[in-house]
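In what follows, chains are A, B, ... by sequence order, proteins preceding strands, each numbered from 1. When reading the values below, keep in mind they use all heavy atoms of this one structure, side chains included, and skip hydrogens, waters and symmetry mates.
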Protein chains: 2
Amino acid sequence: MRIGELAKRTGASERSLRYYEAQGLLSPSRTPAGYRIYAESDVDVVRHVQTLLAAGLNTAFIKEVLPCMVDTGEGLAPGCPELLPHLQKERARITMSIDGLATARTLLDGVISATPPDNTEYEAWVARRTG
Amino acid sequence: MRIGELAKRTGASERSLRYYEAQGLLSPSRTPAGYRIYAESDVDVVRHVQTLLAAGLNTAFIKEVLPCMVDTGEGLAPGCPELLPHLQKERARITMSIDGLATARTLLDGVISATPPDNTEYEAWVARRTG
DNA sequence: CTTGACCTTAACACCGGTGTCAGGCTTTAC
DNA sequence: GTAAAGCCTGACACCGGTGTTAAGGTCAAG
């Protein structure tokens, strides 16, 4: 498929897909005219990239990890031992991050539940905004 | 206390503390010479700021929320009704973010557990690095 | 008086993925 | 043949909190 379709199917912008390629995360083939042609499996690759990017991993590390995430149909391919330390560091960072987010959410919950049950003021505010 | 002590007690850099002030999150008093003097309660304020910043809220919104987080000793002060919609939006975003992080962690767990039990190569790599 | 720790403001730079625009080529549809 | 949609490369800008440095003021201790 071409870049437009991949963008639609993954939700990634064309800009991002080209960026991923520049970082070595994707290697689409090309038509004689230079158009990028992506394999069906690239849909999953992009999804993985999106997930890991959102989790704070950078493209350099994702590039190293991706080859270890090739699904051979029967589980994952044998992993990359030399990546293990960094892999575990990232995992720990993600866990810390989740904890921080949970703490922040609890903090917000406190504020939310402390909001006066009398929400006259809020309703007036909404009425003002929505005209 | 002065800025150096607050920095030590909160882990925030002096740079960050001055930035928070510039954004209206802190309003320390000043000595005649211009030194910032922080109240004891500012320690908690900074901790809240750190928590919310780490959760992706920006300083502009934190500035609005902070007054609603004044602990009156007996629970929180009555909240700010007009903030409720944004508050809930941020809460939802945090929850989405947690979900995304959990997904990423599961993905990494797959790679980690797919690493060959034979870690000869990794040990050799460690030996090489640690000399 | 001087040294050194601590403080002040101001300015510049960075990260790193993404938005966006310009100028131009290719393919598809009519 | 022509219009429209799609794709190409390249370049500039942004976010927004933080690091860092420069040039200087303040203050307690020796």
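In this structure, Tyr20(A) places its OH atom 8 Å from P of dG17(C), rounding to the nearest Å. For the pair Asn58(B) CG and dT18(D) P, the interatomic distance rounds to 12 Å; values are reported in whole Å. Atom pair Tyr19(A):OH and dA11(D):P shows a separation of 16 Å (rounding to whole Å applied). At whole-Å resolution of the value, CG in Leu17(A) and P in dC7(D) are 10 Å apart. The interatomic distance linking Glu21(B) (CD) with dA10(C) (P) rounds to 12 Å, in whole Å.
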ask   = Going through the distances and angles, do Arg93(A) and Glu90(A) end up as a salt bridge (Lys or Arg N to Asp or Glu O under 4.0 Å)?
value = CA-CA 5 Å; Arg93(A) 192 186 49 70; Glu90(A) 292 288 1; 2.8 Å; yes
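Under the 3.5 Å distance criterion, the side-chain polar atoms of Asp44(A) are left unmatched by any main-chain donor or acceptor of Ser41(A).
For the atom pair Glu21(B) CD and Gln23(B) CD, the distance stands at 10.5 Å (nearest 0.5 Å).
Residue Arg15(A) is the one, among Arg15(A) and Ser16(B), whose nearest nucleotide of DNA chain D lies closer to the 5' end (criterion: closest heavy atom).
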key: Under 4.0 Å protein heavy-atom contacts per nucleotide of nucleotides 2-8 of chain C, with B for base, S for backbone only and - for none   = ----BSB
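Considering every non-hydrogen atom in both Leu26(A) and Leu17(A), the closest pair reads CD1-O, 4.2 Å. Heavy atoms only, all atoms of each residue included: Ala7(A) and Glu14(A) are closest at CB-CG, 4.0 Å.
Residues Thr59(B) and Tyr19(B) are in side-chain contact: their nearest non-hydrogen atoms beyond the backbone lie under 4.5 Å apart.
Remark: Thr31(B) is not in phosphate contact with dT26(D), judged by side-chain N or O atoms under 4.0 Å from OP1 or OP2.
Looking at heavy-atom distances under 4.0 Å, Thr59(A) makes contact with sugar-phosphate atoms alone, never a base.
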